[in-house]
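So the structure is just underneath, and the comments pick up after that.
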Amino acid sequence: MKTLLSAAICAVALVSAPAFASKDLATAKGCLACHSQGADTKIGPGYQAVAKKYAGQKDVEGKLAAFIRAGSPAGSKTMWGGPMPMPANPGVSEADAKTLAAWVLGGAK
Ligand code: HEC
């Protein structure tokens with residue numbers, strides 16, 4: 001029982017810790033230079049607007065993680081109607097991209 005309890009506490013710690021880590025990650029990777037955490041558009045869409053766009057859709061996290069690393073597909077029209085597509089982020093690992101995608105989809109809090 002004691003083991004179970006500490007496992008549960010560990011799980012909670014693991015789940016709640018990335019809330020801060022993800023913002024730090026987004027800052028470190030330069031995401032917040034172009035994106036706000038709110039709904040307003042900077043150069044790219046605000047993360048709350050992205051979360052709203054994909055709300056309730058399945059399998060989005062993996063697609064978004066791939067997008068975060070690769071940027072907008074070459075020659076594509078911008079999805080958000082902004083002046084520029086998103087550049088690729090080669091400095092973002094697959095694991096980091098998943099963390100960031102999950103954070104964005106969760107409303108970037
Ligand atoms: C140089 C500016 C810039 C940087 C840096 C940048 N983005 Fe973007 N991002 C954009 C723009 C512009 C768009 C909108 C593209 C479009 O309309 O097609 C966008 C779109 C997005 C979207 C929405 C994709 C969709 O399917 O609607 C996500 C999520 C995103 N960016 C995450 C990130 C993350 C995470 C980082 C950091 C690793 C990052 N961005 C760094 C400019 C940037």
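Note that the coordinates shown come from a computational prediction; the quantities given were computed from them, not determined experimentally. Counting starts at 1 for both ligands and their atoms, following the listed order.
Atoms of ligand 1 lying under 4.0 Å from at least one heavy atom of Gly30, given by number and element, are 5 (C). Annotation for ligand 1: atoms under 4.0 Å from non-hydrogen atoms of Gly44 are 10 (C), 11 (C), 12 (C), 13 (C). When each atom of ligand 1 is checked for a heavy atom of Val92 under 4.0 Å away, the hits are 38 (C). The Pro87 neighbourhood of ligand 1 comprises atoms 1 (C), with distances under 4.0 Å to a heavy atom of that residue.
The single protein non-hydrogen atom nearest to atom 26 (O) of ligand 1 is Tyr54 OH, 2.3 Å, given as residue, atom name and distance. For atom 14 (C) of ligand 1, the closest non-hydrogen atom of the protein is Pro45 CD, 3.6 Å. The nearest heavy-atom contact from the protein to atom 34 (C) of ligand 1 is Tyr47 OH, 3.2 Å. The nearest heavy-atom contact from the protein to atom 22 (C) of ligand 1 is Phe67 CE2, 3.7 Å. For atom 17 (O) of ligand 1, the closest non-hydrogen atom of the protein is Trp80 N, 2.7 Å. Summary of contacts: the protein heavy atom closest to atom 16 (C) of ligand 1 is Met79 N, 3.3 Å. Atom 15 (C) of ligand 1 has Ser72 OG, 3.9 Å as its closest protein atom, hydrogens excluded (heavy atom only). Scanning all protein heavy atoms for the shortest distance to atom 1 (C) of ligand 1 gives Cys34 SG, 2.8 Å.
Within a 6.0 Å radius of NZ in Lys52, other residues, nucleotides and ligands contribute 12 heavy atoms or fewer. Other residues, nucleotides and ligands contribute more than 12 heavy atoms inside 6.0 Å of the NZ atom of Lys29.
Note: Tyr47 and His35 have parallel aromatic rings, judged against thresholds of 30 and 60 degrees for the angle between ring planes.
Counting heavy atoms under 4.0 Å from ligand 1, residue Ala26 does not touch it at all. Residue contacts with ligand 1 for Ala33 are absent, since no atom lies close enough (heavy atoms, distance under 4.0 Å). Using a 4.0 Å cut-off between heavy atoms, Lys53 contacts ligand 1 through its side chain alone, with no backbone atom that close.
Heavy atoms only, all atoms of each residue included: Glu61 and Ala101 are closest at O-CB, 3.5 Å. Of all non-hydrogen atoms in Leu100 and Cys31, the two that sit nearest each other are CD1-SG, 4.3 Å.
Partner Met86 forms a side chain to side chain contact (heavy atoms under 4.5 Å, CB included) with one of Pro45, Cys34, Pro73, Ser72 and no other, that one being Ser72.
Heavy-atom separations between Gly82 and ligand 1 are all 4.0 Å or longer.
For a distance bound of 2.8 Å, the N, O or S atoms of His35 include one lying that close to atom 8 (Fe) of ligand 1.
Not a single N or O atom of Lys77, backbone or side chain, sits closer than 3.5 Å to an N or O atom of ligand 1.
Of the candidates Ala97, Gly71, Cys31, it is Cys31 that places a heavy atom closest to atom 41 (C) of ligand 1.
A salt bridge links Glu94 with Arg69: at least one charged nitrogen is closer than 4.0 Å to a carboxylate oxygen.
Under the 4.5 Å side-chain heavy-atom criterion for ILVMFWY residues, no single connected hydrophobic cluster contains both Ile43 and Trp80.
Using a 4.5 Å heavy-atom cutoff, the side chains of Lys63 and Tyr54 are not in contact.
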